A.B. asks: 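First the structure, then my questions, so here it is.
In what follows, chains carry the letters A, B, and so on, assigned in the order in which the sequence lines appear, proteins first and then strands, with residues in each chain numbered from 1. Heavy atoms only: backbone and side chains are in, while hydrogens, waters and symmetry mates are out. Note that the coordinates shown come from a computational prediction; the quantities given were computed from them, not determined experimentally.
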2 protein chains.
Amino acid sequence: MSKQPVDLARPAELDDCRVPLVAEPLTASQAERLAPSYKALGDPVRLRLLSLIASHEGGEVCVCDLTDAFDLTAPTISHHLKVLKEIGLVTAERRGTWVYYQACPAALDLLSTVLSVPQEAGV
Amino acid sequence: MSKQPVDLARPAELDDCRVPLVAEPLTASQAERLAPSYKALGDPVRLRLLSLIASHEGGEVCVCDLTDAFDLTAPTISHHLKVLKEIGLVTAERRGTWVYYQACPAALDLLSTVLSVPQEAGV
DNA sequence: AGTCAAACTAGACGCATGTCGAAGCAACCT
DNA sequence: AGGTTGCTTCGACATGCGTCTAGTTTGACT
């Protein structure tokens, strides 16, 4: 394992990133911590994977169901899930033969907050 | 100009993308229209550029000010600004000698909305 | 043990991307 | 006109990334 998860949910690491980008300029280090997360969302397959996981009732999805939803090989799906996992947007849990993925709402919420536009800014 | 701006502000093109990713699975076409925008944010330099522009009072920034904020050459900054412009996150306007960039709040808001997590989802 | 299926890892291949130096445009000056 | 500054385009280079095939691990079931 070359990279370890960034863990967007951990306050100590990223609470100082929880500021709308519109409110004040991001520092270089804030930008460097946030950019990889947006990059992870910058692939259509990963966006759909995350959405499939996050919107699934029960809050988790088996890999086999995810693989079926795409015209891609299993290793490719596995690779994308690994990216999402390492960035802290999802977690994985093995139960018997199958592996289930869950979304991390806190991580999503942080990324949403950074892009949010206050009302008075005139959307 | 090889690509033209995606224009995230145009309702006809992207209003059907204005749905939280957590609410229901993104379709393939939705994901393919949204992913390039997140990819554009997936670089620390572009994130900071966008933040510098969006948070600047007056709502616009001259390129020269942006270039000074980084340890990069002018062509590189220009390249990143072009990416942000083509994706519809900023607009550019020349006034005399200088070029000013403005942020597009509507585009930002869309990307924020897609990542937003409803309260009851338990952040 | 042997087998099968689910999922991941390893390695390879081609395309995309970030960066730079050099050159080109555009607008302002003498 | 000529020169200067601000910004962009062009072309090149190294690196990164998405995808695949082939092989490996993990667990369940005979």
A.B. asks: Mind calculating the distance between CG (L81(A)) and P (dA6(C)) to the nearest angstrom?
C.D. replies: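 Taking CG of L81(A) and P of dA6(C), I get 16 Å after rounding.
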A.B. asks: Does dT17(C) have OP1 or OP2 under 4.0 Å away from a side-chain N or O of K39(B)?
C.D. replies: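 Indeed, a polar side-chain atom of K39(B) lies that close.
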A.B. asks: Whole-Å distance between dT17(C) C1' and I87(B) CD1?
C.D. replies: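 It works out to 14 Å between those atoms.
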A.B. asks: Of the non-hydrogen atoms in Y38(A) and L111(A), which two are nearest, and what is the gap between them?
C.D. replies: OH-O, 2.7 Å
A.B. asks: Which residues, if any, of residues 49-69 of chain A bring a heavy atom under 4.0 Å of DNA chain C?
C.D. replies: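 Residues of residues 49-69 of chain A that come under 4.0 Å of DNA chain C are, in numerical order, C62(A), V63(A), C64(A).
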A.B. asks: Apply side chain to side chain contact (heavy atoms under 4.5 Å, CB included) to S29(B) and list each qualifying residue two or more places apart in sequence or on a separate chain.
C.D. replies: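 Counting only residues at least two positions away or on another chain, S29(B) forms a side chain to side chain contact (heavy atoms under 4.5 Å, CB included) with T27(B), R33(B).
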A.B. asks: How would you list all residue pairs meeting salt bridge (Lys or Arg N to Asp or Glu O under 4.0 Å) that involve residues 58-69 of chain A, not counting sequence neighbours?
C.D. replies: E60(A)-R95(A)
A.B. asks: Which of residues 92-102 of chain A sit near DNA chain C, with a heavy atom under 4.0 Å from it?
C.D. replies: T97(A), W98(A), V99(A), Y101(A)
A.B. asks: Please report, rounded to the nearest Å, how far the P atom of dT19(C) is from the NZ atom of K82(B).
C.D. replies: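 About 16 Å, once rounded to whole Å.
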A.B. asks: Of all the heavy-atom pairs spanning A92(A) and V99(A), show the shortest one and how long it is.
C.D. replies: CB-CG1, 4.1 Å
A.B. asks: Specify the closest pair of heavy atoms between L47(B) and L41(B), including all atoms of both residues, with the distance to one decimal.
C.D. replies: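 Looking at all heavy atoms of both residues, the shortest contact is CG-O, 3.3 Å.
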A.B. asks: Over how many whole Å does the gap from K85(B) atom NZ to dC7(D) atom C1' extend?
C.D. replies: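 Taking atom C1' of dC7(D) as the reference, NZ of K85(B) is at 10 Å.
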A.B. asks: Side-chain donor-acceptor pair under 3.5 Å between E24(B) and S55(A), yes or no?
C.D. replies: no
A.B. asks: Which hydrophobic side chains are connected to Y100(A), either touching it within the sub-4.5 Å cutoff or through other members that do?
C.D. replies: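 Hydrophobic cluster check, Y100(A): joined to W98(A).
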A.B. asks: Locate the shortest heavy-atom distance separating A107(A) from G88(A); write the atom from each residue and the value.
C.D. replies: CB-O, 3.5 Å
A.B. asks: Check the phosphate of dT19(C) against H80(B), side-chain N and O only, distance under 4.0 Å to OP1 or OP2. Yes or no?
C.D. replies: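 So the side-chain polar atoms of H80(B) do come within 4.0 Å of the phosphate oxygens OP1 or OP2 of dT19(C), strictly under.
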A.B. asks: Given atom CG of L47(A) and atom C1' of dG18(D), what is their separation to the nearest angstrom?
C.D. replies: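 It works out to 15 Å between those atoms.
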A.B. asks: Round to a whole Å and report the spacing from OH of Y38(B) to P of dT17(C).
C.D. replies: 18 Å
A.B. asks: Considering non-hydrogen atoms only, spot the tightest contact between A74(A) and T67(A) and give its length.
C.D. replies: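 Heavy atoms of A74(A) and T67(A) come nearest at CA-CG2, 4.1 Å.
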A.B. asks: Sub-3.5 Å donor-acceptor pair from the side chain of S116(A) to the main-chain atoms of S112(B), do we have one?
C.D. replies: no
A.B. asks: Identify all pairs in which a protein N or O lies below 3.5 Å from an N or O of nucleotides 20-23 of chain D, and state each distance.
C.D. replies:
| residue | atom | partner | partner atom | Å |
| --- | --- | --- | --- | --- |
| dC20(D) | OP2 | T73(A) | N | 3.1 |
| dC20(D) | OP2 | T73(A) | OG1 | 3.1 |
| dC20(D) | OP2 | T76(A) | OG1 | 2.8 |

A.B. asks: To the nearest angstrom, how far is I77(A) atom CD1 from dA6(C) atom P?
C.D. replies: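 Atom-to-atom, I77(A) to dA6(C), this comes out as 15 Å.
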A.B. asks: Do you know the tightest heavy-atom contact between P36(A) and A31(A)?
C.D. replies: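 Where P36(A) meets A31(A) most closely, the heavy atoms are CD-O, 4.5 Å.
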